[in-house]
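Worksheet: the structure to be examined is printed underneath.
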Amino acid sequence: MSNNVLRAVRVLASVAMLATNLVTLPAAAAQPAGVTRTDLQRHDLSAPGREAVQVRVDLSPGIAFGRHSHPGEEIIYVLAGAIEYDVDGKPPVTLKTGDVLFIPAGTIHAAKNVGDVPASELATYIVEKDKPLLTLAK
């Protein structure tokens, strides 16, 4: 490969990394101590302008993730522990290992580890591309 082609590849790789950081930075900045979000995968869907994103969320005992929303649906599977979900318009519900929850697009919600051990969920988002994955509620 010529030096020009290698240089172009390096520039494109840098731009892609910067774009990824800009998309994930708002969610990371909003992350309280005791919450760990691990991005697992992100793929375009056959529906134009939509993508699927999977994230593992770990909550330390007693830790809450405040009121927020997503630009699409969230499908939750509790991997471990007990997590209380407060979804606008519904009474709070506590889910344990193996339980699931569906949160409609744009619905404000919050989660709290109500157990005395770490809790984890697998969150699958079906969302609009190029929008922040998470927006804190005011």
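In this text the structure is predicted, and so the values were computed from the model without any measurement.
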Legend entry - Spacing of Ile76 atom CD1 and Tyr85 atom OH [to the nearest 0.5 Å]: 4.5 Å
Legend entry - Nearest heavy-atom neighbours spanning Val117 and Asn113: O-ND2, 2.8 Å
Legend entry - Closest contact, heavy atoms only, Ile83 versus Ala111: CG2-CB, 3.9 Å
Inset, instruction - Indicate if Val55 and Val35 have the same hydrophobic cluster label, given that clusters are the connected sets of ILVMFWY residues with side-chain heavy-atom separations under 4.5 angstrom. - result: yes
Inset, instruction - Any chance you could measure Ile75, atom CD1, to Glu121, atom CD, to the nearest 0.5 Å? - result: 12.0 Å
Can you give each donor-acceptor pair under 3.5 Å made by side-chain atoms of residues 89-104, sequence neighbours left out, with the distance rounded to 0.1 Å?
residue, atom, partner, partner atom, Å
Thr97, OG1, Gly81, N, 3.3
Asp99, OD2, Lys96, N, 2.8

Inset, instruction - Mind listing the closest non-hydrogen atom pair of Pro61 and Gly115 along with its distance? - result: CB-O, 3.7 Å
Inset, instruction - Indicate yes or no for a side-chain donor-acceptor contact from His109 to the backbone of Ser69 under 3.5 Å, with no hydrogens or angles considered. - result: no
Inset, instruction - State yes or no: do Val127 and Leu40 share one hydrophobic cluster built from I, L, V, M, F, W and Y residues joined by side-chain heavy-atom distances below 4.5 Å, directly or via other members? - result: no
Legend entry - Shared hydrophobic cluster for Leu79 and Val53 (ILVMFWY, side-chain gaps under 4.5 Å): no
Legend entry - Shared hydrophobic cluster, Leu122 / Tyr125 (ILVMFWY, side-chain heavy atoms < 4.5 Å): no
Inset, instruction - Scan residues 51-79 for pairs that pass salt bridge (charged side-chain N to carboxylate O under 4.0 Å, His left out), counting only residues two or more places apart or in two chains. - result: Arg42-Glu51, Arg50-Glu73, Arg56-Asp58, Arg67-Asp88
Legend entry - Same cluster (ILVMFWY, side-chain, under 4.5 Å), Leu134 and Val87: yes
Inset, instruction - Look only at the side chain of His70 and the backbone of Leu133, and say whether a donor-acceptor pair between them is shorter than 3.5 Å. - result: yes
